[in-house]
2 protein chains.
Amino acid sequence: MGRWEPNAVQRLQQAAWELFAERGYADVTVTEIAERAGLTKRSFFNHFADKREVLFAGAQAFEADILGYLAETDADAEPIDAAVAALTRGGLDLTPYREPARIRRGLIASSTELQERNLIKMASLTAAIAKSLGERQTPARTAAFAAQAAVAAFDAAYDDWAADATADFSALMRQALSDLRHAVDAGPDEEPPRS
Amino acid sequence: MGRWEPNAVQRLQQAAWELFAERGYADVTVTEIAERAGLTKRSFFNHFADKREVLFAGAQAFEADILGYLAETDADAEPIDAAVAALTRGGLDLTPYREPARIRRGLIASSTELQERNLIKMASLTAAIAKSLGERQTPARTAAFAAQAAVAAFDAAYDDWAADATADFSALMRQALSDLRHAVDAGPDEEPPRS
DNA sequence: CCGGTGACTGCACCTGGTGCCATCGCTGAT
DNA sequence: ATCAGCGATGGCACCAGGTGCAGTCACCGG
């Protein structure tokens, strides 16, 4: 029992979430969010760097989780397989949060501001994965492309998962990776068959 | 001879470019840009949606060029090859602008705001390419992944090109695509050899 | 000569975001 | 018990980006 109600950050997130759901991201003001949480605008900005960030609080934790999973993968695996495995585990962790994920996706789609923030978070995740892969024997270029491919597959699978209640995330991820490889593969007449 | 000096947009871009080069993006105010161009803040926002956009005016034209080149590619080519060919031609068009491109890259690297904007422009380009590819016989999924891969290769090649004065863009692009395929390919023991 | 059009301006206003300092209650040390 | 310090919060003034609205003024076409 402190001088203040506990969990200010959580209360702010909750308040923001409710207000965004009610009236959309753009029509909600930071002052309103803070007041619903029983705080002031100034305190909001003591907890979040900006208005967008209140919707992306989970992203940093997610990135950390992925890096943890990545460290657990077989060091001899192909980089892209290691990254895909880690992202698959991370995606499975989200299973209980399908409905919030759907709403969040809707919000992001409604605001270019949020789309930009989402893209930079994905880019940050990609860079972190690439860096981790680079600490294996992998050349930086390969690591970067493998990370980008893995995240692209994850993103597609995540979309599918949000849209289809019955789908299993790891199956979606396998399918996405297979589709990606199909799209990237050279046509049969452009590259000699493997020896 | 109009009532006003001509080429307001160009003057604003020029003024912004100079000021950003002098003092960095963050330390320049829109009012300053407008005044150096002989206009007012209000007029700046009549020409550009926001402060960032003054640095990305070329992006829309570039996207249109790429789509044009894409339409000229062989309709029977693999989607990724068509996209790569179009982006290679677009990259070659930039040859005279290497130095500005370098400066621009430095500016973007210095500001997360600009990084976000850059990412969404690349995403827009990717989506436009994917849409165009989808208008061939290509499935949407394949089109999307092919576009993402092609743009990823372009981005890597563009980086290399900005860093190395002597490099030929189409060679860099071929190399990037080859590296990408190497990074995405399954290891030899994970997939049966082609028949 | 006259009315329309379009680039530009002025102004008031909103909101996100920050710097600075005061407050207040808890905690631990003396 | 008292006091110092810490940390979350609040108040306030302020800045910059961004917008809505109502003008102004030169040009252009009739």
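Residue numbers start from 1 in every chain, and the chains themselves are labelled A, B, ... in the order their sequence lines are given, proteins ahead of strands. Everything quoted here is computed from the prediction, not taken from an experiment. Computation of the quantities below employed the complete heavy-atom set of this structure, encompassing side-chain atoms and omitting hydrogens, waters and symmetry-equivalent molecules.
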Whether [Y] and [X] form a salt bridge (side-chain N of Lys/Arg under 4.0 Å from carboxylate O of Asp/Glu) is what I want to check.
| X | Y | answer |
| --- | --- | --- |
| A:Asp160 | A:Arg98 | no |
| B:Glu32 | B:Arg23 | yes |
| B:Arg181 | A:Asp185 | no |

From [atom1] of [X] over to [atom2] of [N], roughly how many Å is that when rounded to an integer?
| X | N | atom1 | atom2 | value |
| --- | --- | --- | --- | --- |
| A:Phe45 | D:dT9 | CZ | C1' | 15 Å |
| B:Asn46 | D:dG23 | CG | P | 17 Å |
| A:Glu35 | D:dT9 | CD | C1' | 15 Å |
| A:Tyr25 | C:dT15 | OH | P | 13 Å |
| B:Leu114 | D:dG17 | CG | P | 12 Å |
| B:Phe48 | D:dG18 | CZ | P | 13 Å |
| B:Glu53 | D:dG18 | CD | P | 10 Å |
| A:Arg117 | C:dG16 | CZ | P | 14 Å |

Please tell me which of B:Asn7 and A:Lys41 maps to the more 5' nucleotide of DNA chain C, matching each residue to the nucleotide holding its nearest heavy atom.
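Looking at DNA chain C, the more 5' nearest nucleotide goes with B:Asn7.
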
Remember a base hit wins even if backbone is also touched, and classify [X] as base, sugar-phosphate or nothing at under 4.0 Å, heavy atoms.
| X | answer |
| --- | --- |
| B:Val9 | nothing |
| B:Thr29 | sugar-phosphate |
| A:Asp50 | sugar-phosphate |

Listed nucleotide nearest any side-chain atom of [X], set [options]:
| X | options | value |
| --- | --- | --- |
| A:Ser43 | D:dG17, C:dC8, D:dT9 | D:dT9 |
| A:Ala8 | D:dA16, D:dT9, C:dT9 | D:dT9 |
| A:Thr40 | D:dG17, D:dG11, C:dT9 | D:dG11 |

Would one find a side-chain N or O of B:Arg52 under 4.0 angstrom from OP1 or OP2 of D:dA16?
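Indeed not, no polar side-chain atom of B:Arg52 lies that close.
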
Give a yes/no on whether any side-chain N or O of B:His47 is located under 4.0 angstrom from OP1 or OP2 of C:dC8.
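True: B:His47 side-chain N/O within range (under 4.0 Å) of C:dC8 OP1/OP2.
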
Test item: A:Leu92 and A:Asp168 side chains (from C-beta on) under 4.5 Å apart, heavy atoms
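The answer is yes, as the side chains (C-beta and beyond) meet within the 4.5 Å cut-off.
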
Can you find a donor-acceptor N/O pair under 3.5 angstrom joining the side chain of B:Lys51 to the base of D:dG18?
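There is none.
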
Is any side-chain N or O of B:Arg42 under 3.5 Å from a base N or O of D:dG20, one able to act as donor and the other as acceptor?
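Side chain to base: pair present.
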
Please confirm whether the ring centroid of B:Phe154 lies under 6.0 Å from the ring centroid of B:Phe169.
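Yes: the rings meet the under 6.0 Å criterion.
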
Go nucleotide by nucleotide along DNA chain D from the 5' end; which of B:Phe44 and A:Gly38 gets its closest nucleotide reached first?
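Here A:Gly38 is the residue nearer the 5' end.
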
